[in-house]
Amino acid sequence: MPPPSDIVKVAIEWPGANAQLIEFDQVLFTAHAPVLLTHIRGDIKNGTILRLAISPMRAARQLLERIQSHGIDARLEALKELAKLSADPTFATEFINMEGLATLARLVESGTHFGEMLAFTLTAFLELMDHGIVSWDLISVSFIKQIAGYVNQPMVDVSILQRSLAILESMVLNSHSLYQRVAQETPVAQLIAHLQVSNQEIQTYAIALINALFLKTPEDRRQVPADVCDLCVCLWQEMASTLAQKHLRGIILNHIIRGNRPVKAEMAHQLYVLQVLTFNLLEERMMTKMDPNDQTQRDIIFELRRIAFDGDNDPSGTEKRKAIYTKDYKMLGFTNPVNPAMDFTQTPPGMLALDNMLYLAKVHQDTYIRIVLENCSREDKHECPFGRSAIELTRMLCDILQVGELPNEGCNDFHPMFFTHEHAWEEFFCVCIQLLNKTWKEMRATAEDFNKVMTVVREQITRALAMKPPSLEQLRVKLRSLSYSEILRLRQSERMSQDDFQSPPIIELRERIQPEILELIKQQRLNRLCEGSCFRKLGNRRRQEKFWFCRLSLNHKVLHYGDLDESPQGEVPFELLTDKIPVSDIKAVLTGKDCPHMKEKSALKQNKEVLELAFSVLYDPDEALNFVAPSKYEYCIWTDGLSALLGKELGSDLTRSDLDTLMSMEMKLRLLDLENITIPEAPPPVPKEPSTYNFTYSYG
């Protein structure tokens, strides 16, 4: 008879004792502990291990008493246990309700705890606050000063420093009122000093606090009371100046990015946040419109014109000067050459685009002049408008690098190269504007193709950034390799690898098309053999090399060949080719080291290049016509053509390449009308036959 379902065999564990196997009667237990059984009854099965523990309320009361005891060892053990239990939300609620959090704060403020005892106290405090049960606004000023003091001390225990930095970061992120106090008590210079240590966790927490201070800085004076407005503005300016410091970038680059250890995920996220915040310093210029009536701003545009066209000696006369200026601004590529200031009234990119253009013109003057003059001198409508391109490129870069946006949670996408240069943003623009000009020429673009070019340039930049180049110079190298033709190749390759191209209908379509494509390649190879090719006639070293020519008859039945005194300029008539071999006599085609003329003892035997271009035609009676192709292309053409004559498969690299290219083109053409349409995995079901065919129309 099976045991009742309410009785299960379980193991009972108790701290400090061995587990015991007992029979557990759930019905009987309900009468004595209904509340407990409500939580665990549904999970109790045979073989379950039940771990008995003190209730959260009792544990909180006991720990609170122990951490206030006079015995140092007992207090240390209590704080150590408290640091572990504080992560449990039920225990945390009970402990906080008993004023336990206030007790921990008083212990920290007293300054009497050091070493492990203080580290466990700070850990427990941070864990309890992270539950969000108590507001950070209730933290006292004396507590903040004490925590900030640990951060500012030159020599402090690593665990204490780590937890102190974490507590200050939580204060800044969770309380606007505490932000000002933390910013005053914690100098940014001291935080930067913590980046030079070898402990990556300390570095991570230090950068996190720097990011939090800048992220929560009120930029708008309307967001803060009047009495603290000037303080907030000064803090924001200090943080902005700190992020732009060469000293900070150098420390991050040398002590973190180029350190001996790999960058961990949390550190990568903080570097990404720092990168975004640094670029956010550009937001003000990005959102500033140009005032067409502001003479200072108009002088910057005039400076662009002067550098490009060396206009120091301006003509006299207002009307004449205005006409020349308009012509020059048109050659500079502005949309509004009469008043180019109007091109900078749209935000983004606003005045940031003009800043980028001026930096290029002054710092990379030769590049700027070359780009402008190269395009304005064209008369074939293929000129790239520099002004319009620079403005649109700036808008694109702001979008790619999230200028003006808050950092994304969990994103680790930082780029080391932006920490390598004092003017990383401007230099990045200069690299990309040269890329845009290069891509424009490769695409043979006109004004109508402007948006298409910008789409390709965006893809080139995002692909290069995804490779995480360590420097701007490496970025140039990677962008140089991502030419327009390479982008087209990558697009084609990626599209062919998409799921749609692996579905059964597409695979079936490819199988139907492939024989047609192979037949097309076969006919092309035979046509090339009919045109013929010139080969070098190899002899011994003392004799002068001669040429010979071979071609296939138009009916594909005979190979004609013969000697020539010199390399022919065009097609050689059949009449001059005195020797011939019937295709029906050909026994085999040999390649490489299997060829008779490659087996002979000569210097050619050791020449790898010649070996790869050699092939022979064996015919009756065991004679061979030996070839050394002038190039790899001709080698593939002839070996494919001879294989086709013998009814064998075409197996050269050229055939595989041609097959992939032609198959891709044919598939795209046939699927052109099905773009953005989901192709079903299986054909639709065939409907049932009608019960009668009397519905057909009778012409009688």
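Applying the side chain to side chain donor-acceptor pair (under 3.5 Å) test to Ser584 and every residue at least two apart in sequence or in another chain returns nothing. Remark: Arg656 engages Asp653 in a side chain to side chain contact (heavy atoms under 4.5 Å, CB included) (not counting sequence neighbours). Contacts of Glu426 classified as side chain to side chain donor-acceptor pair (under 3.5 Å), with partners at least two apart in sequence or in another chain: none. Residues satisfying the side chain to side chain contact (heavy atoms under 4.5 Å, CB included) test with Ile513, not counting sequence neighbours, are Leu509, Ile517, Met663, Glu666, Met667, Arg670. Residues that satisfy the salt bridge (Lys or Arg N to Asp or Glu O under 4.0 Å) test with Arg489, not counting sequence neighbours, are Glu486. Under the rule for a salt bridge (Lys or Arg N to Asp or Glu O under 4.0 Å), the partners of Arg395 that lie at least two apart in sequence or sit in another chain are Glu392. Looking at residues two or more places apart in sequence or on another chain, you find no side chain to side chain donor-acceptor pair (under 3.5 Å) involving Gln365. Residues meeting the salt bridge (Lys or Arg N to Asp or Glu O under 4.0 Å) test with Asp399, sequence neighbours left out: Arg458. When the side chain to side chain donor-acceptor pair (under 3.5 Å) test is applied to Lys468, the partners found at least two apart in sequence or on another chain are Asp413.
Here salt bridge (Lys or Arg N to Asp or Glu O under 4.0 Å) pairs that include residues 428-442, with residues two or more places apart or in two chains, are Glu374-Lys441, Lys438-Glu442. Residue pairs satisfying the salt bridge (Lys or Arg N to Asp or Glu O under 4.0 Å) criterion with at least one member in residues 584-595, sequence neighbours excluded, are absent. Within the structure, ring pair (Phe, Tyr, Trp, His ring centres under 6.0 Å) pairs that include any residue of residues 426-461 comprise Phe418-Phe428 (at least two apart or interchain).
Tyr359 and His423 have tilted rings, their planes meeting at an angle from 30° to 60° on a 0 to 90° scale.
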